[in-house]
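To find a chain, count down the sequence lines: A is the first, B the second, and so on, and within it residues start at 1. What you are looking at is a predicted structure, and each value in this text was computed from that prediction instead of being measured.
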Protein chains: 2
Amino acid sequence: MASGDVNVKLSRLFRLAQKFNNFYLSGFNKGDIRPFLVDGQQVGLVKSDVIKQLLKYPEVFCVRDCEYTKGIVELNPAFRDYSERTKNLDIVLRQLRSQGIFSALQGWREEYYEVKSEYNSLLKMDRSATPLFGVRKYGVDINGYVRHPTHGLCIWLQQRSNTKETWPGKWDNMVGGGLSVGYGIKETAIKEAAEEASIPHDLVKNLVSAGCVSFFFESDQGLFPNTEYVFDLELPLDFTPHNADGEVQAFELLPAKECIERVFTADFKTTSCPVVIDFLIRHGFITPENEFYFTQIVELLHVPLQSLYTYKNQRQKQEIDGNIGKNCENGHNIQQ
Amino acid sequence: MASGDVNVKLSRLFRLAQKFNNFYLSGFNKGDIRPFLVDGQQVGLVKSDVIKQLLKYPEVFCVRDCEYTKGIVELNPAFRDYSERTKNLDIVLRQLRSQGIFSALQGWREEYYEVKSEYNSLLKMDRSATPLFGVRKYGVDINGYVRHPTHGLCIWLQQRSNTKETWPGKWDNMVGGGLSVGYGIKETAIKEAAEEASIPHDLVKNLVSAGCVSFFFESDQGLFPNTEYVFDLELPLDFTPHNADGEVQAFELLPAKECIERVFTADFKTTSCPVVIDFLIRHGFITPENEFYFTQIVELLHVPLQSLYTYKNQRQKQEIDGNIGKNCENGHNIQQ
């Protein structure tokens, strides 16, 4: 590889890492972004376009303006439990959906996402709505790879079905999926491996947990503070994945060099790029010798999302200081 | 492994990740920590105990108080070049050393560390002084490992010589070393592999670049904003490393389970723990199933050091805003 080549490549890689962290790097400090609290715990971040709509439902959302520089959005703390919170939020979301204001809600799935604090479940909302509330999402991804005798390290990619709600027709990791209630992390990976790529039991037993990537992307659908649990699976040369659930239209095995080129195209799902880049770094294809921004890119594959969802702690500190504001912009009394 | 066991382990791991990030997590926001600028570029962070001493050398250091909430420490911008900066700093450091104020300087090495901005070298200082100025340090580490037929994944550790300036007698990764002027990253790893562990050429050719870890530790020696480039090296069962340069007193091969126990002891070099933990995560020994704080720990192995050394950018922004303060606490005029 000519050194001119490498120079072009490294800056593309850094730009890509900046792209899937566009909210972490620049969106977060722009405009009115407020913590979203449920039962006193921060579970999301809400942008001003969403706040504007939520203000129309003062019986469900409390938008407070009077603490710190920026205020907060809180689900009415008078809702007593999981089901009451879920029911009231769902009514609002279905109304917003029918009004066609948010493109994210056009992908309504009738499939719930569990919103949790560190230790307990607080409510569930339709999966399509999570970007509006900047709720942290967790998924699993399997890097299926082959050590080819002539082509070296090769990676299996899937092309998503054209009928998928999100990123239709885009190239993606061999296997991936969101975590669902009641399934463990490795269990989800094994389930998705069977459904998406028909990986048999005697191969999937070689699955190796290899870490996780975290990034914070923003699109016109909303906010994506995502953490993906990453698994590697070395596959034999003679195995070809095939889809079992209609969600994948093709699989292709690419040498690492072609794989990274694919990742740079608009045909690759942006939020799946971090997993491929992490894989190519861990397996010695992207190195500090061929990538000038190596350390910056590794940091951008593991951004400190935990530090952006700590409002509760700050607030508790303020309560200790005794100067927390309790009045609510749209009329609630905070009951807790 | 009983589940009670695992619970104890996970919290120990999270506490350890917090320990080697004690400055990132709590030190950074406590007390008077100021950016250290050379030639207008931030290359370090200086604590108040050091600032107090630097104020005694107004011809060398300018401590300014009048921007933002916290001020800055600047090497006199009147020094024209690399050698003038190096010479003047060295005089101060040797005086401080003779006064016995900083324990870090008791480890004086007569071995220079190159202080760089993103693109050029600004000065060099004795390696022992870098913690006083919070200069980012870069090193390489090799995880030497064996896939043992009965013990599974096993890791070679070294015990540092009792005569080493830093962390004498402590357990450490098989091979490690700081980057030196004129040596590449992989080149340094290969050189250290030969010197520290006598790894022959036909084995070291299997070295795989596997990423990097970044953390920010503080001890009574000062600040350690470290980035370690990580390499994995699978070794044959019948190979035993032996030291060639007198810096290692022993090598030991430990099964992964015993290795992580060793890492938890006070006998392990704190700033080498991140490399072992990263290795055990990448190789599926520490997983989201057996470690509740998995994502937090992965984030703490890759803290965003780049975001703590950006004063130049902030300052440039302020200059655009036209409200930068130019007066200097101890009498310099800023010439630039």
Side-chain angles (χ1 to χ4, degrees), chain A residues 14 17 21 24-25 118-119 136 138 140 153 179 184-189 206-215 226-233 277-310, chain B residues 14 17 21 24-25 118-119 136 138 140 153 179 184-189 206-215 226-233 277-310:
Chain A
F14 193 26
N21 277 301
Y24 173 71
L25 291 170
E118 198 170 355
Y119 300 104
R136 285 185 72 172
Y138 298 85
V140 298
L153 182 68
L179 285 180
I185 293 164
K186 191 168 184 180
E187 193 182 3
T188 303
N206 299 323
L207 212 55
V208 177
S209 169
C212 61
V213 293
S214 293
F215 54 95
N226 288 15
T227 295
E228 301 290 327
Y229 295 100
V230 169
F231 294 85
D232 288 354
L233 180 60
I277 298 172
D278 173 68
F279 178 83
L280 293 174
I281 287 174
R282 288 186 291 102
H283 290 264
F285 184 79
I286 299 167
T287 71
E289 320 285 338
N290 67 21
E291 173 52 64
F292 182 77
Y293 296 99
F294 187 78
T295 60
Q296 288 92 330
I297 290 164
V298 172
E299 287 183 25
L300 289 175
L301 296 174
H302 307 92
V303 305
L305 294 180
Q306 54 188 315
S307 67
L308 305 181
Y309 289 79
T310 57
Chain B
F14 193 26
N21 276 301
Y24 173 71
L25 291 170
E118 198 170 355
Y119 300 103
R136 286 185 71 173
Y138 298 86
V140 299
L153 183 68
L179 285 180
I185 293 164
K186 190 167 183 180
E187 192 182 4
T188 302
N206 299 322
L207 211 56
V208 177
S209 169
C212 62
V213 293
S214 293
F215 54 94
N226 288 15
T227 295
E228 300 290 327
Y229 295 99
V230 169
F231 294 85
D232 288 353
L233 180 60
I277 297 172
D278 173 67
F279 178 83
L280 293 173
I281 287 174
R282 288 186 293 102
H283 290 264
F285 184 80
I286 299 168
T287 72
E289 319 287 337
N290 67 21
E291 174 52 63
F292 182 77
Y293 296 99
F294 187 78
T295 60
Q296 288 92 330
I297 291 164
V298 172
E299 286 183 24
L300 289 175
L301 295 175
H302 307 91
V303 305
L305 293 181
Q306 52 188 318
S307 66
L308 305 180
Y309 288 78
T310 57

Can you check whether A:Lys186's main-chain N or O pairs, donor with acceptor, with B:Glu289's side chain at less than 3.5 Å? yes
Can you tell which part of A:Phe279 gets under 4.5 Å to a heavy atom of chain B, answering side chain, backbone, both or neither? neither
Pick one of side chain, backbone, both or neither for A:Val303, based on which atoms fall under 4.5 Å of a heavy atom in chain B.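 For A:Val303, backbone heavy atoms alone lie under 4.5 Å from chain B.
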Quick one: does B:Leu301's side chain get under 4.5 Å of A:His302's, heavy atoms only? no
If I take atom CD from residue A:Glu299 and atom CD from residue B:Gln306, how far apart are they, to the nearest 0.5 angstrom?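 Those atoms lie 4.0 Å apart.
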Please round to the nearest 0.5 Å and tell me the distance separating atom NE2 of B:His283 and atom CG of A:Asp232.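 That separation rounds to 9.5 Å.
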For chain B, which of A:Gly284, A:Pro288, A:Ser209, A:Gly211 has the most heavy-atom pairs under 4.5 Å?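 Most heavy-atom pairs under 4.5 Å with chain B: A:Ser209.
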Relative to chain A, which of B:Pro304, B:Gly184, B:Ser307 shows the most heavy atom pairs under 4.5 Å?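 Option with the top pair count is B:Pro304.
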Across all chains, not counting sequence neighbours, the side-chain contact (heavy atoms from CB on, under 4.5 Å) partners of A:Thr227 are A:Arg136, A:Tyr138, A:Cys212, A:Ser214, A:Leu305, B:Thr295
Which residues pass the side-chain contact (heavy atoms from CB on, under 4.5 Å) test with A:Thr188, not counting sequence neighbours?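 Scan of A:Thr188 (side-chain contact (heavy atoms from CB on, under 4.5 Å), adjacent residues dropped) gives A:Val140, A:Leu179, A:Tyr183, A:Glu192.
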